[in-house]
Amino acid sequence: MRDTIVIVGGGMMGSGIGAVSAIHGNATLIVDVNLQKAESGVARAVECIEELSCNGLITDNQACNAIRLLGAEADMEKAFVTAAMVIEAVSENLTLKQGLFEKMDRILPVDIPILSNTSGLRITDIAIKMIHPERAVTAHFWYPAHLVPLVEIVMGEKSCETVAVAVRDEIRLWGKKSVLVRKDLPGQLANRILQAVIREAVNIVETGLASPEDVDTAIKAGMGIRFPVWGPLEHIDAVGLDLCEQVQNTVLPELSSRREAGDLIKSLVKSGNLGYKTGKGIYDWSYKDMEALEKKRNDFIIYALKKGLD
């Protein structure tokens, strides 16, 4: 009987996705290159489940059942014997993903959907070596996957719409807000919007309009706090499209229209200042606490979920 959700890759994303799958009653196998890595993925998934349970988002019984439904496997072919759906969550390397999808396509029956959690690559390119690319779609869970409701289901140029819709509906049963993206463009849907915000945020710092601290504060304390219940398109309908037209005609000509990374980002990368992982980027992380910031982020998301703001 094919009733197992198989997650290929047990890192931060794969473990979170595995937790979500198991919480909603699916036998879930996390597969990695060796059993130790797969078991580490399961351990991270258990941590995600426990975070949800400790914060009252799932019951203790749900947590216990979910943990029982999790398993680790290093043999991909063995894992696929009972697979009802496969979600790839390996690193963002096109060549790696292409080889993996080609292999999975050979092993799995043609009616089993094969999904990629890619955040930026096109599923069309990932599936280029598949014999049956019609069953390949993107299912982009947003990090942290066990907390953020959004999942973007993206159709490739050869994806079957019936498969994509079925995947979208299945992910909705997992309690996620899954949306269907019908064109396979870089950045999918939400990341395209995010990159536009980042481009202008960097431009504001570069031009001296405001400091990084004030840019982040303005976004978090202004538009960001409204977005969970008040999207930008709802906003412009509320204030009036005539006003929107006037504002855009005034403001848009002054916004950054760069088609590549800004000078600030390029200079920081060139100097080896890559952000938190090197200790310095836009901010000096010797003065900022990433662990505290991540906890604050998760606590805020949990609060929003409890209040029904998802």
Side-chain angles (χ1 to χ4, degrees), residues 1-52 62-121 123 125-133 135-146 151 167 170-171 174 176:
M1 181 179 178
R2 291 193 169 273
D3 58 357
T4 304
I5 305 299
V6 178
I7 315 295
V8 180
M12 289 190 302
M13 291 305 302
S15 56
I17 296 168
V20 175
S21 171
I23 286 166
H24 289 85
N26 301 304
T28 304
L29 275 178
I30 294 179
V31 178
D32 219 312
V33 292
N34 58 56
L35 192 57
Q36 183 178 3
K37 286 192 173 184
E39 288 174 342
S40 293
V42 169
R44 281 189 290 269
V46 170
E47 290 175 0
C48 293
I49 292 167
E50 289 175 343
E51 183 175 19
L52 293 169
Q62 284 177 301
C64 289
N65 289 335
I67 291 169
R68 282 197 292 267
L69 287 167
L70 286 168
E73 182 58 69
D75 187 332
M76 192 163 64
E77 292 196 29
K78 184 177 178 182
F80 286 171
V81 169
T82 58
M85 186 165 71
V86 176
I87 304 174
E88 167 270 311
V90 302
S91 59
E92 284 288 270
N93 180 296
L94 179 58
T95 302
L96 173 64
K97 289 179 186 287
Q98 286 174 337
L100 181 56
F101 268 66
E102 181 182 23
K103 182 177 181 180
M104 293 191 294
D105 190 43
R106 291 199 310 266
I107 298 171
L108 288 159
V110 297
D111 61 333
I112 304 301
I114 305 177
L115 319 179
S116 176
N117 183 57
T118 179
S119 59
L121 298 172
I123 191 65
D125 299 329
I126 292 172
I128 196 73
K129 297 182 179 180
M130 294 176 67
I131 296 171
H132 299 287
R135 42 107 162 247
V137 298
T138 293
H140 177 221
F141 289 72
W142 274 60
Y143 179 76
H146 67 298
V151 181
V167 169
E170 173 64 22
I171 299 300
W174 296 8
K176 292 298 187 180

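Computed from a predicted model, the values in this text were never measured in an experiment.
The distance from atom CG of Asn117 to atom OG1 of Thr138, rounded to the nearest 0.5 Å, is 8.5 Å. To the nearest 0.5 angstrom, His140 atom NE2 is 13.0 Å from Leu115 atom CG. Considering SG of Cys48 and CZ of Arg44, their distance stands at 9.0 Å, rounded to 0.5 Å. Here the CG atom belonging to Leu96 is positioned 5.0 Å from the CG atom belonging to Asn93, to the nearest 0.5 angstrom. Between atom CD1 of residue Ile126 and atom CD1 of residue Ile114 there is a gap of 12.0 Å, rounded to the nearest 0.5 Å. The distance from atom CG of Asp105 to atom CZ of Arg135, rounded to the nearest 0.5 Å, is 4.5 Å.
With Asn26 as reference, Thr28 is the one residue of Thr28, Ile23, Leu29 to meet the side chain to side chain contact (heavy atoms under 4.5 Å, CB included) rule.
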Which pairs would a plain distance check flag for residues 69-76, meaning a side-chain donor or acceptor within less than 3.5 Å of a matching protein atom at least two apart in sequence or in another chain?
| residue | atom | partner | partner atom | Å |
| --- | --- | --- | --- | --- |
| Glu73 | OE2 | Asp75 | N | 2.9 |
| Asp75 | OD1 | Glu77 | N | 3.1 |
| Asp75 | OD1 | Lys78 | N | 3.1 |

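Listed by chain and residue number, Arg2, Val6, Phe80, Val86, Leu108 satisfy the side-chain contact (heavy atoms from CB on, under 4.5 Å) test with Ala83 (two or more places apart in sequence, or in another chain).
For the pair Asn65 and Arg68, the minimum side-chain heavy-atom distance is below 4.5 Å. Side-chain atoms of Gln62 and Leu52, non-hydrogen and from C-beta on, never get closer than 4.5 Å to each other.
In terms of heavy atoms, Thr118 sits closest to Leu121 at OG1-N, 2.9 Å. Among all heavy-atom pairs drawn from Val167 and Pro113, the shortest one is CG2-CB, 4.1 Å. Residues Ala79 and Val31 come closest through the heavy atom pair CB-CG2, 3.6 Å. What you find for Ala145 and Lys176 is that their closest heavy atoms are O-NZ, 2.6 Å. Considering all non-hydrogen atoms of both residues, Ala139 and Val151 come closest at C-CG1, 4.1 Å. Nearest heavy-atom pair, Ile30 versus Ser15, reported as atom, atom and distance to 0.1 Å: CD1-CA, 4.2 Å.
Here the side chain of Ser21 pairs no donor or acceptor atom with the backbone of Ile17 at under 3.5 angstrom. Side chain of Glu92 to main chain of Ser119: a donor-acceptor pair is present (N/O by atom type, distance under 3.5 Å, no hydrogens or angles). Listed for the Lys37 side chain is no donor-acceptor partner under 3.5 Å among the backbone atoms of Gly10.
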task = Apply the test side chain to side chain contact (heavy atoms under 4.5 Å, CB included) to residues Met13 and Tyr143: give CA-CA distance (whole Å), side-chain angles for both, the deciding distance (0.1 Å), then the verdict.
result = CA-CA 7 Å; Met13 291 305 302; Tyr143 179 76; 3.6 Å; yes
